[in-house]
Peer 1: 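Below is one structure. I have some questions about it.
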Amino acid sequence: MKKFMDWLANSFAPKAKNLTQKPAVAGLSSAMQKLIPFIMTGSIVFFYNVFRSYIPQLPDLGNISNYSFGMIGLIAAFMVANQYMEKFKHANYSITAGIVAVCALMMTLHPVGAEEGVYDMGRVGPTGILIGVITGAVVSIIFHYYSKLKLFKNSEMPDFVIEWINNIIPIFLSLALWSTLIFGLNIDIFQVILNLFEPIQNFGQSLPGLILLVLIPAFFYSMGISTWLWSAIQNPIFIAGIAANALAVQNGDPAMNIVTNETVYSLGLIMMGGTGATLTLNLLMCFSKAKKLKTLGRICIGPSIFNINEPIVFSTPVVMNPILMLPMWINSITGCCVIWFAMRGGLLNIPEQLMQVAQIPAPISSVMILQDFRAVLWYALLFVIYLGTWYPFFKVYEKEVLAEEVKEEKQGAEMTAPVEAV
């Protein structure tokens, strides 16, 4: 075990961190984070609609959601191109590339054979987030490699003319590529991309897919790598899942997709206290015999209740701690299995509407999102499971901390003891 931990700390973790800092990865991760406010705006409206269902006289805020979350694919195209230009150090192209990506995505709204001027705006919504990401990435590649050519560097033309030309060429090339594929070759790029990624989406909606989408971020998080890195992989699966559920319910069919952001994060069941279900660890710390752990536990309990666990993960620390990393991984698997079988077995409702409200304490959030009071019982069951998982590992770690505190007290006593006169 010691050799394995040494390898994680000294070899694997540094390489993984270097990977996350590479522009190709950092740009995509940053773009996904910038989508969160738009997703949250839609979530607030859906949350508001829960109350509106009981008080119909309240005003309809549907258009706010339609023109924020409802256009998330279009926003994704802009943000991906924009952030890639920033990370690849082409800041002068950041706005231009983003706008071009939006223009290119608009081409995909015009299916082959459709009436002129008729657009399928559903393609810029949640279903289109993956297409938006790919469109933004392709446009970024064209701008990136064009900028490396450094044309007209030594030209005697005025600077503003050179700037125009250096914008016109990549704009033309980007739009010409998409125009040729969509209008010249009559390829429905939107449908082609969906078909190519359908196996990934299907796997993501399976139990193994759910476990991997939760376990992999938890594994890297336990080594100090932010879970935000994986949002680029998670979000397209999560958003497509909840969008399909909402559409199914609207058509009178039951929601079928379990793997959504609501299930994983907002319910506070799989992520009870945050990634790795650290709330019960925090409670154990609050009553620890070790002064250090008790103090940290009481400081971190507030954020933990609201499912924010960076303070406890990095201060305890769970990060790179071989004793506490393992239960974090175990909980990531256990929580997924319990919730999957509960929902698939009809013992707990499947989320039907977008509600990314992960910072509302569970089980309050669980009941509000699912409209199912059985969520309280599942919260209690998982609380006991998580507590039982953390307890033996915590007691081992607590023993180590206590030994360190006793040692420090002895050293302090020796340093303050009076020196006898010779």
Peer 1: Are a donor atom and an acceptor atom from the side chains of N307 and Y265 found within less than 3.5 Å of each other?
Peer 2: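 Distance-only check fails for N307 and Y265.
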Peer 1: Determine whether I39 and I239 satisfy the following criterion, side chain to side chain contact (heavy atoms under 4.5 Å, CB included), listing intermediate values before the conclusion.
Peer 2: CA-CA 9 Å; I39 295 173; I239 293 175; 3.8 Å; yes
Peer 1: Could you label the plane-to-plane angle of the F143 and Y93 rings as parallel, tilted or perpendicular, counting under 30° as parallel and over 60° as perpendicular?
Peer 2: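 Correct class here is perpendicular.
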Peer 1: List the steps, then state whether side chain to side chain contact (heavy atoms under 4.5 Å, CB included) holds for F393 with L281.
Peer 2: CA-CA 10 Å; F393 295 94; L281 169 65; over 6 Å; no
Peer 1: Grab the two heavy atoms, one from N331 and one from G276, that are nearest each other, plus how far apart they are.
Peer 2: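 Residues N331 and G276, closest heavy atoms: ND2-O, 3.2 Å.
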Peer 1: Applying salt bridge (charged side-chain N to carboxylate O under 4.0 Å, His left out), can you list everything that pairs with K294, at least two apart in sequence or on another chain?
Peer 2: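 By the salt bridge (charged side-chain N to carboxylate O under 4.0 Å, His left out) rule, K294 matches no residue at all.
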Peer 1: To the nearest 0.5 Å, tell me how far K292 NZ sits from L296 CG.
Peer 2: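 Rounded to the nearest 0.5 Å, the NZ-CG separation comes out at 6.5 Å.
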Peer 1: Donor-acceptor pair, distance only, cut-off 3.5 Å: does the side chain of S29 make one with the backbone of V25?
Peer 2: no
Peer 1: Nearest heavy-atom pair of C336 and I211: which atoms, and what distance?
Peer 2: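 In this case the closest contact between C336 and I211 is CB-CG1, 3.9 Å.
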Peer 1: Determine whether more than 12 heavy atoms belonging to other residues, nucleotides or ligands lie under 6.0 Å from atom CZ of F38.
Peer 2: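 No.
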Peer 1: Return yes when atom NZ of K395 has more than 12 non-hydrogen atoms of other residues, nucleotides or ligands closer than 6.0 Å, and no otherwise.
Peer 2: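 Yes, enclosed.
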Peer 1: Looking at OG1 of T96 and CD1 of I168, how far apart are the two atoms once the value is rounded to the nearest 0.5 Å?
Peer 2: 11.0 Å
Peer 1: Would you confirm whether S332, through its side chain, and M328, through its main-chain N or O, come within 3.5 Å as a donor-acceptor pair?
Peer 2: yes
Peer 1: So, using side chain to side chain donor-acceptor pair (under 3.5 Å) as the criterion, who are the partners of Q191 when residues are at least two apart?
Peer 2: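 Partners of Q191 under the side chain to side chain donor-acceptor pair (under 3.5 Å) test: N195.
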Peer 1: Are any side-chain N or O atoms of S30 and backbone N or O atoms of G27, one a donor and one an acceptor, separated by less than 3.5 Å?
Peer 2: no
Peer 1: Might you point out which heavy atoms bring P170 and I142 nearest each other, and give the distance in Å?
Peer 2: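 For P170 and I142, the tightest heavy-atom pair comes out as O-CG2, 4.0 Å.
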Peer 1: For the side chain of S366 and the backbone of A362, is there at least one donor-acceptor N/O pair under 3.5 Å apart?
Peer 2: no
Peer 1: For the backbone of T108 and the side chain of R123, can you confirm whether one donor and one acceptor N or O come within less than 3.5 Å of each other?
Peer 2: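 Pair found, side chain donor or acceptor close to backbone of T108.
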Peer 1: Name the atoms and distances for all side-chain donor-acceptor pairs under 3.5 Å in residues 312-320, with sequence neighbours left out.
Peer 2:
| unit_1 | atom_1 | unit_2 | atom_2 | d |
| --- | --- | --- | --- | --- |
| S315 | OG | P311 | O | 2.4 |
| T316 | OG1 | I312 | O | 2.4 |

Peer 1: Kindly write out the residues that satisfy side chain to side chain donor-acceptor pair (under 3.5 Å) with R52, not counting sequence neighbours, or none if the list is empty.
Peer 2: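 Not a single residue meets the side chain to side chain donor-acceptor pair (under 3.5 Å) criterion with R52.
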Peer 1: Using side chain to side chain contact (heavy atoms under 4.5 Å, CB included), reason through I242 and E352 one step at a time and then give a plain yes or no.
Peer 2: CA-CA 7 Å; I242 196 65; E352 298 178 353; over 6 Å; no
Peer 1: Sub-3.5 Å donor-acceptor pair from the side chain of N257 to the main-chain atoms of G241, do we have one?
Peer 2: yes
Peer 1: What is the distance from atom CD1 of I141 to atom OH of Y84, rounded to the nearest 0.5 Å?
Peer 2: 8.0 Å
Peer 1: What are the two closest non-hydrogen atoms of A104 and T135, and how far apart are they?
Peer 2: CB-CG2, 3.6 Å
Peer 1: Could you check whether any side-chain N or O of T260 sits under 3.5 Å from a backbone N or O of T263, counting only pairs where one atom can act as donor and the other as acceptor?
Peer 2: yes
Peer 1: Partners of E163 by side chain to side chain donor-acceptor pair (under 3.5 Å), sequence neighbours excluded?
Peer 2: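 Partners of E163 under the side chain to side chain donor-acceptor pair (under 3.5 Å) test: none.
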Peer 1: Answer yes or no: is there a donor N or O on one side and an acceptor on the other, between the side chain of S266 and the main chain of M355, under 3.5 Å?
Peer 2: yes
Peer 1: Does any pair with a residue in residues 58-81 pass side-chain hydrogen bond (donor to acceptor under 3.5 Å, both in side chains), and if so which ones, sequence neighbours excluded?
Peer 2: none
Peer 1: For Q201, give me all partners under side-chain contact (heavy atoms from CB on, under 4.5 Å), at least two apart in sequence or on another chain.
Peer 2: P236, I237, A240
Peer 1: With sequence neighbours left out, write down each residue that passes side-chain contact (heavy atoms from CB on, under 4.5 Å) with I301, or none if nothing qualifies.
Peer 2: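 Only L279, N282, L283, C286, I305 meet the side-chain contact (heavy atoms from CB on, under 4.5 Å) criterion with I301.
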Peer 1: Please round to the nearest 0.5 Å and tell me the distance separating atom CD1 of I369 and atom CG of L354.
Peer 2: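 CG of L354 is found 9.5 Å from CD1 of I369.
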Peer 1: Among D372, V376, L370, exactly one meets side-chain contact (heavy atoms from CB on, under 4.5 Å) together with R374. Which residue is that?
Peer 2: D372
Peer 1: How would you list, by chain and number, every residue that makes a salt bridge (charged side-chain N to carboxylate O under 4.0 Å, His left out) with R298, sequence neighbours excluded?
Peer 2: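 Expected list: none.
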Peer 1: Quick one: which residue pairs count as a side-chain hydrogen bond (donor to acceptor under 3.5 Å, both in side chains) with a foot in residues 375-385, not counting sequence neighbours?
Peer 2: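 Output for this query is empty, none listed.
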Peer 1: Which heavy-atom pair separates P217 from T227 by the least distance, and what is that distance?
Peer 2: O-CG2, 3.9 Å
Peer 1: Could you verify whether a donor N or O on one side chain and an acceptor N or O on the other, from S304 and N309, lie under 3.5 Å apart?
Peer 2: no
Peer 1: Could you list the residues that satisfy side chain to side chain donor-acceptor pair (under 3.5 Å) with T334, not counting sequence neighbours?
Peer 2: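 Scan of T334 (side chain to side chain donor-acceptor pair (under 3.5 Å), adjacent residues dropped) gives none.
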Peer 1: Would you confirm whether the ring centroid of W178 sits within less than 6.0 angstrom of the ring centroid of F183?
Peer 2: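 Ring-ring flag for F183/W178: false, centres at least 6.0 Å apart.
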Peer 1: CD of Q371 to CZ of F373: how many Å apart, nearest 0.5 Å?
Peer 2: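 Rounded to the nearest 0.5 Å, the CD-CZ separation comes to 8.0 Å.
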Peer 1: For residues 246-253, run the donor-acceptor check on the side chains, cut-off 3.5 Å, and write out each pair with its distance to 0.1 Å, sequence neighbours left out.
Peer 2:
| unit_1 | atom_1 | unit_2 | atom_2 | d |
| --- | --- | --- | --- | --- |
| N251 | ND2 | L247 | O | 3.3 |

Peer 1: Looking at P351, is its backbone amide N or carbonyl O close enough to the side chain of E262 to form a donor-acceptor pair, meaning the two atoms are under 3.5 Å apart?
Peer 2: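 Not a single qualifying donor-acceptor pair exists.
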Peer 1: What distance do T41 atom OG1 and I64 atom CD1 have between them, rounded to the nearest 0.5 Å?
Peer 2: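 With rounding to 0.5 Å, OG1 (T41) is 9.0 Å from CD1 (I64).
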Peer 1: Nearest heavy-atom pair of M107 and S179: which atoms, and what distance?
Peer 2: SD-N, 3.6 Å
Peer 1: Verify whether the ring centers belonging to Y386 and W390 lie closer than 6.0 Å.
Peer 2: no
